[in-house]
Every structure is written in structure tokens, then in C-alpha cells.
**Student:** 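What follows is a structure written as C-alpha cells; I'll ask about it next.
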Amino acid sequence: MRTLPAPARPRLRHAVTDIDHLPAVRVFVGLAIPGLLLIVFGRTDLLIYAVFGSFTGMYGFAESPRQRLLHQSEAAVMLTVAVGAGILLARLHASPAALVAAVTVFAALASPVTDRLGLRPEGPFFGIFAFGAIAMVAGVQPDPLLALLICAGTALLCVVVGWVESVTRARRAGTALIYAAIPPHRTGRVAGLQAARYALAISIAGGIGLMLGVGHANWVMAGAAVPLAAARARDRIHRGVHRVGGTVIGLVVTAPLLLSGLSPAVLGLAIIALLYPTELFMARHYALALGFFTPLIMAMTELASHADPLTLLVDRGVDTLLGAAVGVAVAVLLRDSVVPGFRTQPCEPMHTGGMADDDQWYYCLKHHTAEHGKTCWFGDRLGPYPDQATAERALEIVRARNKAADEEDD
């Protein structure tokens with residue numbers, strides 16, 4: 001009998017475990033409740049605002065209840081502010097150039113803030129995307145205040161769901177759960193350089209989008225922001241490649257949704273359903289996750305502001321390729337020149353692709369042993385550590401950090 005090679009077994013096993021599915025279920029619930037209500041009341045045009053609010057649930061994975069509550073609350077504020085800013089620009093009938101300038105400023109300001117807060121997923125991508133996407137469609141929304149309240153309410157719901165789930169899990173596990181403290185991603189000059197990357201990439205991408213036509217601007221800017229979330233130049237290149245490949249897969253999935261003339265209610269149900277596999281695979285295979293994320297985004301945009309489906313499909317493919325190319329080029333051009341100020345996170349590949357060196361040591365919470373390289377799923381790993389001896393002391397190190405953090409809070 002043929003068997004799977006050893007490295008493939010953990011990946012296959014983790015594809016069906018609760019630790020994989022629970023975060024996706026949590027995010028799904030955060031959108032399903034308001035999303036179904038909007039469908040019932042015939043307001044699928046407002047679904048896009050609930051979706052952006054539901055991205056709050058993607059933050060705080062594998063964090064302590066208190067840390068998750070804090071990070072998800074911060075993410076909720078960022079997303080609500082981004083959506084509110086997009087609505088404001090749309091209602092003011094801001095010019096396309098003003099939109100690009102506003103998103104550039106938002107990205108430059110939000111990048112060091114998210115770095116300082118240690119938010120994961122890393123970087124301000126979801127805020128950038130929400131700002132630009134809403135600014136493109138909110139001009140035809142008859143109830144802008146209601147739209148903003150739906151976004152904020154959905155974000156608040158996701159915070160509550162995340163808090164309840166984390167507290168319940170912590171109580172059931174007792175002292176068995178170990179949480180690593182989350183320090184800032186970047187500080188000082190390194191954080192400033194990352195902010196400059198975002199500003200440069202988004203301004204260039206936005207300018208290209210304006211030359212192609214205003215409808216392209218937001219998608220090109222979003223494509224440019226994606227590679228920058230990774231920690232190192234090599235990983236940013238990989239991220240850009242995944243962005244393009246995953247979007248192509250997503251466009252294939254999107255085509256029958258938009259070209260078959262489905263009713264708004266059916267499209268709304270599809271949007272809610274697509275969020276689950278998006279979150280499920282986002283942490284482990286970004287390109288595959290985009291196969292679900294792309295139709296979700298395009299369907300909700302179509303419900304908010306109708307456009308020719310075939311034109312949308314072609315434009316999104318072109319926009320993503322151009323945006324990813326700009327983001328990768330900026331990442332290669334503006335490399336980190338110094339190491340101080342950048343902090344490696346425990347389990348840092350979360351939502352951002354591989355960032356840690358495979359040649360380092362980790363502590364596996366499932367097997368209770370130090371392991372050389374990323375042999376187990378990231379949700380089970382602490383590290384990386386410079387050597388085996390340090391990795392074997394991982395639990396002791398984490399407990400000491402948590403105790404110091406608790407004493408500092410008190």
C-alpha cells in the first residue's frame with residue numbers, strides 16, 4: 001500500500017483538526033449572523049460593509065483571551081475608520097487622484113501603528129483595501145450612516161465571538177494552553193522604512209491605476225500592498241507570486257458566479273460561505289485562500305455597485321498582476337538595511353507566508369519536544385530559537401514573558 005511521505009502527513013492531518021477549523025468557524029459566524037439578516041431584509045447592497053467588519057475576526061489567532069480582545073478591538077477600530085473614510089470620500093465626490101493620495105496617507109500612518117500594536121495578520125492591508133473599495137462604491141449607497149453602523153456592529157460582534165471562544169477554550173484547557181507574548185513587529189527606523197514602502201508602492205500603483213482608468217485604482221493599490229506584509233524581501237517576492245496565482249484561481253471560480261445571473265440573495269449566501277475556506281487556508285496556503293477570497297470580494301463589490309461582469313474579470317486579473325509587480329519591485333528596492341527594530345514573532349508565518357528560517361529550532365506543543373526546522377504546523381510551534389537547548393526551554397521562556405507582561409499590566 002502506498003503511503004504519504006512523512007512531511008505530508010502532518011499537513012493532511014491538520015487539514016481536518018479543530019485547531020484549523022475553529023478560527024474559520026469563528027470568522028464565519030461573525031459574518032453569517034449580520035449577513036443572513038441583510039439577505040432576509042433584501043439589503044444585499046450593504047453586505048460589503050458587514051464583510052469588512054467581519055475581517056476583525058481574522059485577528060488574534062492563537063493569542064490569550066486578553067491579548068485577543070485587545071488586538072481584535074484595535075483591528076475593529078482600524079477597519080471601521082477605513083470604511084468611514086471611504087464613505088466620506090465617496091460622499092464628497094473626491095477626485096480619483098485625491099483617493100489615491102488619501103489611501104497612500106492612510107497606509108503610511110497605519111503601517112507603524114499596526115507594527116507597534118503587533119497586530120496579526122501583519123500590516124494594514126485590510127484597512128487599505130477597505131478604504132479604497134468602499135470609496136469606489138459608497139457614492140451610490142443611499143444609507144451611508146447605516147452602512148457604517150453595520151460595519152462597526154459586525155466588527156463588535158466578531159470581538160465578542162472571539163472573546164467568548166478564547167475564554168471558553170482557556171477554561172477547558174486550564175494551564176495546558178501556552179501563549180507567547182506578542183511584541184511589536186517593528187520599531188524605530190525599520191518601522192519607518194516599512195511605512196515608506198507602503199507609501200511608495202501604493203502611490204505608484206495608484207498612479208498606474210489612474211492611467212488605466214479610475215476603476216482600476218483600488219485593485220492595483222491593494223495588489224501592491226499584499227507583498228509588503230511579509231517580513232523579508234524573499235518572502236515578499238513569494239507573496240507577490242502567490243497573489244497573482246491565487247487571483248487567477250479565484251477568477252476561474254468567480255466567472256460562473258457573476259456570469260450566470262444569480263440573484264442577489266444567492267450571491268449573498270455564496271459570499272458568506274466563501275469566507276469560511278478563505279480563513280481556513282489563509283494561514284497555510286495564501287494562493288489557495290485567494291481562490292475563495294477573490295470571488296467573495298468581487299461578488300460583494302458587484303452587489304454594492306453593478307458593473308459588467310466580463311469587464312470586471314479581465315480588469316481584476318490585469319490589476320492584480322500590475323499591483324503585485326509594483327509591490328515586489330518596491331520590496332526589492334527598499335530592503336531592510338538594519339536588523340535592530342525588527343522582532344521575530346512566535347509562529348510568525350501566520351497569515352503572512354513563511355518568514356522564519358527553516359534551519360532554526362522550534363518547540364512543538366503537540367509533541368512536547370524541540371524540533372529542527374518547521375516540521376509541524378505553525379499553530380503547534382513556538383519559536384524560532386537559535387539552538388536546541390533554547391528551544392527545549394521554550395515553555396519556561398514563554399511563562400516568564402507572560403508573567404512579566406502580567407506584572408507590567410498590573
**Student:** Quick check for you: to the nearest 0.5 Å, what is the distance between F126 atom CZ and T114 atom OG1?
**Tutor:**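 The OG1 atom of T114 is 12.0 Å from CZ of F126, to the nearest 0.5 Å.
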**Student:** Can you pull the side-chain hydrogen bond (donor to acceptor under 3.5 Å, both in side chains) pairs that have at least one residue in residues 49-58, sequence neighbours excluded?
**Tutor:**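 side-chain hydrogen bond (donor to acceptor under 3.5 Å, both in side chains) check on residues 49-58 returns no pairs.
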**Student:** Give the table of side-chain donor-acceptor pairs shorter than 3.5 Å for residues 240-258, with sequence neighbours excluded, one pair per line with atom names and distance.
**Tutor:**
| from | atom 1 | to | atom 2 | distance (Å) |
| --- | --- | --- | --- | --- |
| T247 | OG1 | R243 | O | 2.7 |
| T254 | OG1 | G250 | O | 2.6 |

**Student:** Answer with yes or no whether the side chains of Q141 and D45 bring together a donor and an acceptor at under 3.5 Å.
**Tutor:**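 Yes.
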**Student:** For the pair F55 and F52, name the ring-plane relationship: parallel under 30°, tilted 30 to 60°, perpendicular over 60°.
**Tutor:**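 Because their plane-to-plane angle is over 60°, the rings of F55 and F52 count as perpendicular.
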**Student:** Closest heavy-atom contact between G139 and A90?
**Tutor:**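 That would be N-CB, 3.5 Å.
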**Student:** For H306 and E302, which I'm curious about, is there any donor-acceptor pair between the side chains at under 3.5 Å?
**Tutor:**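 Note: H306 and E302 side chains meet the donor-acceptor criterion.
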**Student:** Here's a test for you: under salt bridge (charged side-chain N to carboxylate O under 4.0 Å, His left out), which of E165, E63, E74 qualifies with R68?
**Tutor:**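 Testing R68 for a salt bridge (charged side-chain N to carboxylate O under 4.0 Å, His left out) against E165, E63, E74 leaves exactly one candidate, E165.
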**Student:** Please walk me through it: do I48 and V137 pass side-chain contact (heavy atoms from CB on, under 4.5 Å)?
**Tutor:** CA-CA 10 Å; I48 187 173; V137 303; 4.1 Å; yes
**Student:** Quick check: are there more than 12 heavy atoms from other residues, nucleotides or ligands sitting under 6.0 Å from CZ of R91?
**Tutor:**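 Yes, enclosed.
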**Student:** Over all heavy atoms of both residues, which pair between T311 and D308 is shortest? Give the atoms and the distance, please.
**Tutor:**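 Looking at all heavy atoms of both residues, the shortest contact is OG1-OD2, 2.6 Å.
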**Student:** With heavy-atom distances below 4.5 Å as the criterion, would you say the side chains of M136 and S305 are in contact?
**Tutor:**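 No, their side chains stay 4.5 Å or more apart.
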**Student:** Indicate the atoms forming the closest heavy-atom contact of L157 with V29, along with that distance.
**Tutor:**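 Residues L157 and V29, closest heavy atoms: CD2-O, 4.5 Å.
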